[in-house]
Amino acid sequence: MPLADAPVRTQILRADDIERLHSRDIRDALRMLPGIQLREIHGKTGEEVMLQGLNGDRVLILVDGLPVSATTGSTVDTSQLSALDIEQIEVIPGAASALYGSAAMGGVINIITRDTPSGSGGRVAFQAGTYGESRELSDTPLPQRHLLASSHTHVSGVKAQATLDRRTSAETDLNTDTYPSNGFDGDKTEYSLRLQNDVDQATKAHQWQLDTGYYDEDLSNRRLSNAGYEGTKIETLGRWRMSLQGSLPADQGYWRYSLLHETQQNETAQLNNDPAIPAGNLWRSTGYQQQKGSLQREQTLGLLGGYRLRHTSGLEVFRESIEQDKTEYKLTAEGAAEGADIHLEPGGYYRIDTTEVAPESRHSGELFSSVMATRDNGQGLTLEWSPGARWQFDSDFGGYVSPALAARQAISLGHSEWQLQLRESVGVGYRVPNLKNRYYIFDHSINGYKVLGDPDLEPEYSRSYQVSASLTDLSRWHLEASVFYNRIYDLIEAASTGEYEDGGRVAIYRYTNLANARTRGYEFSVQGQFSKTFRQRLSYAWLDARDLDAGAPLINRAEHVAKLMLTWQPHHRWDLTLTGEYQGGLTSYVNADTGEATQSPDTVRWDLKTGYQANDQLLLMAGINNLSDAVRDPLNPYDRRPTQGRFPYIGLDFRI
């Protein structure tokens, strides 16, 4: 079904725009979609996505309909997802659809990849750039590099594609007068293999797709150790992912199935540079797994009261597990956890081995059903209703039913091509606390804080209301306005406990249920093509996100976000793209005692990109990200502006 005809509001970013943005990962693409905010994951290299004021824990990110696991059960790091061969990105804001699970309170982002081409061919792409001599801690001329290589072939009715995607970064620093650095040094590498049977979809034959991949991350940067010495933080991540999907024709519809297995091992180390001083050295190892299986039936039911009926139903089963161990060197064994293994080492240091999270797991089963009823009156009016419900049973929290209802009215305006579409939806969001929220120890002592899990957390749930109106000529212009309201109960957020460790240098936070919270706002967007050579996308979003009990704003959400994307193509081989983003009114800290809020400075960012198609195989590209050099003050702990400044780069993309 075309997404323009979907009953729930859906935003789309297509392949041509993604490629014009020279996207190295999906951050660059998501940045331009209306209403989406990206936030740095503190202590990590990437960014999480926020939708309607709800953070990445509540936004379900899918690749070809299958979930992506977060690093060690945390929010999904969008910098780990390659932008290779994306057909389009679909975004469904809010808890408006019964077809998605409990992690989708804030919405769904589905990254749809291209089918493997028939025949044989390949692609090599390379980009390289620098943040400038004053910020780079490497002598390499172009220390920030991205290499992509893929090849595909066709053998005995099976299409195969193998891909390598490697992003190499050098350490950067916004303030060279202090020892700690901002950027990481190392590599993010993804290896993938896809097999597909080569069948014509029109024949309605059995179609299947097998994907397997390995993601490897090996990064380091300068930090002061817990004991106050100059040191290094090292983080490695290995993630295996395998999935099988397919569809089988059936009477008046299809059966669709999917299987997913993913496992990852995350190792972190915080080490003193002087090997003679082991005090403060810390190693942490975390293992995580997820498995998911689903079976879905899509069926045309016929007519009822003039409405064409189509029914979708299905079953999903899910399991996840986590475990975590820590080793550290200390001057004394005081404060060691109960059951810790303590060894007195030469030099009088204590090595303490602790099982921080014994193997924990949860599993769930979900049933969902949705009906789409569509009626055309033959005079340019289409009415559509889509009621649905999802029942979830969790091994730790029992059962819960989440109903949803969406409606669409499409009105053709006279004899013109213009069409007005109205959409309304109401849905119940429900999310059980993930294993990170309940058990994981997010240790950033070197940054002055720890976040502890809470096994006594309760599920959070919401009521989501959305109304939107769009006006389109179905070809060149699309104008949209929308309003939303999310009432959230038992929202899970990290809150200060008032406790401190290490002589008051490390503040302790713990996940807790906020009794009442609310996000509301509105969005406007305009997409248009003034001429054959000039296109534009413009959007503005206003957000009010509040903790209703404390009477204070929820932190790290910008109140105002405006975005602009202009593309000029004066020649069929050359294009020039300018993007801009403004974020303002972001509260970065709220004093729990006084309720006083601290604001982060506003952000204005411009990117300029150009591409020249030298011939049918070779594309030359260049650009400057963050042209305005909008960066944070590294001495201001409440500044949430970017850590990556002005970045000029060059590149090429060769395909055969």
Side-chain angles (χ1 to χ4, degrees), residues 43-44 70-74 217-220 223-239 263-290 320-362 396 433-457 494 497 499-511:
K44 299 286 185 179
T71 304
T72 59
S74 180
E217 191 172 273
D218 187 356
L219 305 170
S220 66
R223 286 288 188 264
L224 295 176
S225 72
N226 293 344
Y229 300 108
E230 293 183 353
T232 303
K233 179 183 178 183
I234 301 171
E235 181 162 3
T236 62
L237 171 68
R239 179 171 62 215
T263 181
Q264 62 183 23
Q265 191 70 31
N266 188 205
E267 311 283 346
T268 59
Q270 300 171 13
L271 308 176
N272 294 323
N273 289 346
D274 188 344
I277 309 176
N281 284 354
L282 181 150
W283 295 263
R284 179 171 275 110
S285 176
T286 307
Y288 177 83
Q289 287 191 13
Q290 71 165 349
E320 65 173 344
S321 62
I322 191 172
E323 57 184 322
Q324 181 174 307
D325 299 307
K326 180 179 73 172
T327 296
E328 59 183 332
Y329 279 87
K330 302 181 73 172
L331 294 174
T332 72
E334 183 179 351
E338 183 179 350
D341 192 4
I342 302 173
H343 304 271
L344 180 61
E345 300 286 318
Y349 297 100
Y350 289 87
R351 192 191 83 216
I352 304 173
D353 299 321
T354 307
T355 299
E356 291 187 304
V357 179
E360 298 283 352
S361 65
R362 56 171 282 264
D396 295 340
N434 61 33
L435 293 178
K436 167 211 166 185
N437 297 144
R438 295 164 62 195
Y439 301 109
Y440 186 59
I441 297 175
F442 198 69
D443 189 349
H444 281 293
S445 299
I446 54 176
N447 295 321
Y449 74 97
K450 282 184 181 179
V451 181
L452 308 180
D454 183 354
D456 297 325
L457 287 173
T497 65
E499 303 171 15
Y500 292 86
E501 290 182 356
D502 200 11
R505 289 186 295 182
V506 179
I508 305 301
Y509 290 75
R510 186 180 295 276
Y511 284 104

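Between atom CD1 of residue I322 and atom CD of residue E360 there is a gap of 9.5 Å, rounded to the nearest 0.5 Å. To the nearest 0.5 Å, atoms CD (E217) and CG (N266) are separated by 8.0 Å. Expressed to the nearest 0.5 Å, how far CG of N273 lies from CZ of R223 amounts to 13.0 Å. In this structure, NZ in K233 is found 6.5 Å from OG1 in T268, a value given to the nearest 0.5 Å. Distance check: Y350 OH to E334 CD gives 11.0 Å after rounding to the nearest 0.5 Å. Atom CG of N272 and atom CD of E230 lie 10.0 Å apart (nearest 0.5 Å).
For T236, there are no side-chain hydrogen bond (donor to acceptor under 3.5 Å, both in side chains) partners, not counting sequence neighbours. Not counting sequence neighbours, R510 has no partner by the salt bridge (Lys or Arg N to Asp or Glu O under 4.0 Å) test. For E499, there are no side-chain hydrogen bond (donor to acceptor under 3.5 Å, both in side chains) partners two or more places apart in sequence or in a different chain. For D274, the salt bridge (Lys or Arg N to Asp or Glu O under 4.0 Å) criterion is met by no residue, not counting sequence neighbours. Partners of E356 by salt bridge (Lys or Arg N to Asp or Glu O under 4.0 Å), not counting sequence neighbours, listed by chain and number: R284, K326. D396 meets the salt bridge (Lys or Arg N to Asp or Glu O under 4.0 Å) test with R438; sequence neighbours excluded.
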Take Y349 and L331 through the side chain to side chain contact (heavy atoms under 4.5 Å, CB included) test and state the conclusion after the steps. CA-CA 5 Å; Y349 297 100; L331 294 174; 3.5 Å; yes

Start with the C-alpha distance between N281 and E328, add both sets of side-chain angles, then the distance that settles side chain to side chain contact (heavy atoms under 4.5 Å, CB included), and finish with yes or no. CA-CA 6 Å; N281 284 354; E328 59 183 332; over 6 Å; no

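If you run side-chain hydrogen bond (donor to acceptor under 3.5 Å, both in side chains) between E320 and each of Q289, R362, Q290, only R362 comes through.
Between E323 and P359, the shortest heavy-atom distance links the atoms OE1-CG, 3.6 Å. For the residue pair P455 and Y439, the shortest heavy atom distance occurs at CB-CE2, 3.9 Å. The two residues S220 and T232 have their closest heavy-atom pair at CB-CG2, 4.0 Å. Of all heavy-atom pairs spanning I352 and T354, the tightest one is CG2-OG1, 3.7 Å. Taking every heavy atom of both residues into account, I342 and A336 meet most closely at CD1-CB, 3.9 Å. In terms of heavy-atom proximity, L435 sits nearest to S361 at CD1-CA, 4.3 Å.
A donor and an acceptor atom, one from each side chain of S285 and E267, are located under 3.5 Å apart. Side-chain contact of K436 with Y511: a donor-acceptor pair under 3.5 Å is present, judged by distance alone.
Within the 4.5 Å cutoff, the side chain of W283 has heavy atoms near those of the L271 side chain. D353 places none of its side-chain heavy atoms less than 4.5 Å from the side chain of D325. Between T263 and Y288, every side-chain heavy-atom pair lies at or beyond the 4.5 Å cut-off.
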